[in-house]
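See structure below.
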Amino acid sequence: MPVRESFNYQGLDAIRVGRIDMGVNTTFVVYRLNGTLIDTGPSNQWKYVKPFVQNTPLKQLLLTHHHEDHSGNAGAIQRLTGVQALAPDLTIGILKKGFRIPPMQRLFWGAAGKAEVAPLPAEIYIGDEKVVPVFSPGHAKDMTCYLLPERGWLFSADLFIANYLKFLRIDEDVPTLLKSIKGVLGHSFDVILCPHRGVVENGWQELNKKYEYLLNLSTEAQELHRQGLSLEEITLRLLGKEGVFGVLTGYNFCKRNLIASCLEVDLDEMPRF
């Protein structure tokens with residue numbers, strides 16, 4: 001399967017790759033701006049990522065977090081270009097040690113070899129534009145978004161993906177995710193550059209919709225829990241029956257995980273914008 005999409009957005013070059021296209025979560029967008037690559041794409045798409053990396057001199061590689069679709073080509077890129085990836089401290093430790101990839105994720109993205117990654121500098125620039133890293137755990141414990149204040153752009157890692165979630169990985173945490181979204185919404189930006197969804201204009205408003213959705217879902221789930229409904233009953237009432245992804249992933253990625261995590265949200269700590 002060739003590159004699924006190539007595009008340019010206001011000077012930002014991008015390609016979308018993916019072994020299997022079963023919706024927005026199963027393809028990946030690699031972005032490059034003024035010689036800086038943001039995330040690497042998955043290792044099983046290297047034959048398509050490689051020419052994208054080669055066609056313009058690479059000056060810098062920023063990783064948002066360790067997941068295999070974001071970091072899988074870090075080692076290959078360093079061998080090809082001599083550019084070592086820069087990443088948050090938590091990401092460095094994970095990539096040095098290596099991590100387990102569930103079978104379904106390995107099918108979509110391939111393996112993620114160990115990689116020697118350097119820490120983010122005290123000040124980060126893309127060209128002459130300052131980059132503000134915003135620590136945003138919840139989807140992954142090491143995740144960081146990159147904000148370009150002058151442009152009003154947010155490289156959002158996996159913070160956004162969609163307004164309305166129906167599934168959650170077992171290692172994701174909605175209370176932490178909400179706090180991270182709240183923190184990011186404290187910044188000003190207009191455009192989200194999502195590695196799965198793509199370019200999202202009116203990005204602040206769209207991310208706020210996700211925040212509101214998760215708050216409302218948590219409120220409804222907790223009310224049904226107070227009425228005595230079980231986790232399975234609440235899930236069925238609010239999200240419907242489990243889909244094929246739940247079964248295929250052994251319920252590592254499923255609706256029940258989302259509702260269970262929503263039940264842990266402290267709604268008094270979550271203001272609305």
Side-chain angles (χ1 to χ4, degrees), residues 9-14 28-41 58-74 77-78 83-97 99 112 115-161 171-173 175-200 203-204 206-208 210-211 273:
Y9 178 81
Q10 298 182 13
L12 175 74
D13 291 317
F28 192 92
V29 181
V30 183
Y31 294 105
R32 183 182 58 227
L33 179 65
N34 292 333
T36 292
L37 208 69
I38 295 88
D39 286 332
T40 74
L58 183 65
K59 302 174 184 176
Q60 183 174 238
L61 169 58
L62 300 176
L63 299 183
T64 60
H65 61 297
H66 74 278
H67 285 164
E68 62 278 1
D69 47 337
H70 296 259
S71 72
N73 291 314
I77 289 172
Q78 184 174 4
V83 175
Q84 186 178 29
L86 304 173
D89 289 344
L90 286 173
T91 306
I92 294 171
I94 295 170
L95 292 182
K96 185 174 183 178
K97 182 179 179 181
F99 59 97
E116 293 289 337
V117 180
L120 295 172
E123 292 190 345
I124 309 170
Y125 290 89
I126 295 179
D128 59 358
E129 296 181 62
K130 187 173 179 61
V131 179
V132 178
V134 184
F135 184 52
S136 309
H139 168 75
K141 63 183 180 181
D142 60 320
M143 196 169 77
T144 293
C145 299
Y146 296 110
L147 176 70
L148 275 63
E150 294 178 22
R151 291 180 184 243
W153 287 9
L154 179 76
F155 289 97
S156 61
D158 286 342
L159 190 69
F160 176 68
I161 301 182
D171 58 347
E172 293 181 279
D173 184 72
T176 304
L177 183 60
L178 278 167
K179 290 176 182 177
S180 291
I181 295 175
K182 182 178 73 171
V184 169
L185 290 173
H187 296 273
S188 177
F189 57 92
D190 301 312
V191 176
I192 282 175
L193 288 315
C194 175
H196 296 287
R197 178 67 59 181
V199 177
V200 180
W204 192 98
E206 293 301 310
L207 185 59
N208 188 48
K210 179 173 184 175
Y211 181 77
F273 289 87

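The main-chain N or O of Ser188 is never found under 3.5 Å from a side-chain atom of Trp204 such that the two would form a donor-acceptor pair. A donor-acceptor pair under 3.5 Å links the side-chain atoms of Asp39 to the main chain of Thr64, judged by distance alone. A donor-acceptor contact shorter than 3.5 Å links the side chain of Gln84 to the backbone of Glu116. At distances below 3.5 Å, at least one donor-acceptor pair connects side-chain atoms of Gln60 with backbone N or O atoms of Tyr125. Between the side chain of Tyr31 and the main chain of Cys194, a donor-acceptor pair closer than 3.5 Å is present. A donor-acceptor contact shorter than 3.5 Å links the side chain of Arg197 to the backbone of Ile161. For Lys210 (side chain) and Phe160 (main-chain N/O), a donor-acceptor pair under 3.5 Å exists by modelled atom type.
Using a 4.5 Å cut-off on side-chain heavy atoms (C-beta onward), Leu86 and Pro119 make no contact.
Ring-plane geometry between His196 and His70 is classed as perpendicular, the angle between the planes exceeding 60 degrees on a 0 to 90 degree scale with a lower cut at 30.
Of the inter-residue distances, the one linking Arg151 atom CZ with Ile126 atom CD1 reads 8.0 Å to the nearest 0.5 angstrom. How far CG of Leu63 is from CD1 of Ile38: 10.5 Å, rounded to the nearest 0.5 Å. Distance check, rounded to the nearest 0.5 Å: CG of Asp69 to OG1 of Thr40 gives 8.5 Å.
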Output side-chain donor-acceptor pairs under 3.5 Å for residues 130-145, partner residues at least two apart or in another chain, one line each.
| residue | atom | partner | partner atom | Å |
| --- | --- | --- | --- | --- |
| Ser136 | OG | Val134 | O | 2.8 |
| His139 | ND1 | Glu172 | OE2 | 2.7 |
| His139 | NE2 | His67 | ND1 | 3.1 |
| His139 | NE2 | Asp158 | OD2 | 2.9 |
| Asp142 | OD1 | His66 | ND1 | 2.9 |
| Asp142 | OD2 | His66 | N | 3.0 |
| Asp142 | OD2 | His66 | ND1 | 3.2 |
| Asp142 | OD2 | Thr91 | OG1 | 2.6 |

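For the residue pair Val29 and Gly198, the shortest heavy atom distance occurs at CG2-CA, 4.4 Å. Listed here is the closest heavy atom pair of Arg32 and Leu37: CB-CD1, 3.8 Å. Of all heavy-atom pairs spanning Phe189 and Val184, the tightest one is CE2-O, 3.5 Å. Closest approach of Ala85 to Ala74, counting heavy atoms only: CB-CB, 4.4 Å. Residues Tyr146 and Leu120 approach most closely at OH-CD2, 3.6 Å, considering heavy atoms. Here the shortest heavy-atom pairing between Leu58 and Ile77 reads CD2-CG2, 3.6 Å.
Results of the side-chain contact (heavy atoms from CB on, under 4.5 Å) test with Ser156 over Val191, Leu193, Ile192, Leu207 single out Ile192 as the only residue that passes.
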Worked verdict on Thr36 versus Leu61 for side-chain contact (heavy atoms from CB on, under 4.5 Å): CA-CA 6 Å; Thr36 292; Leu61 169 58; over 6 Å; no

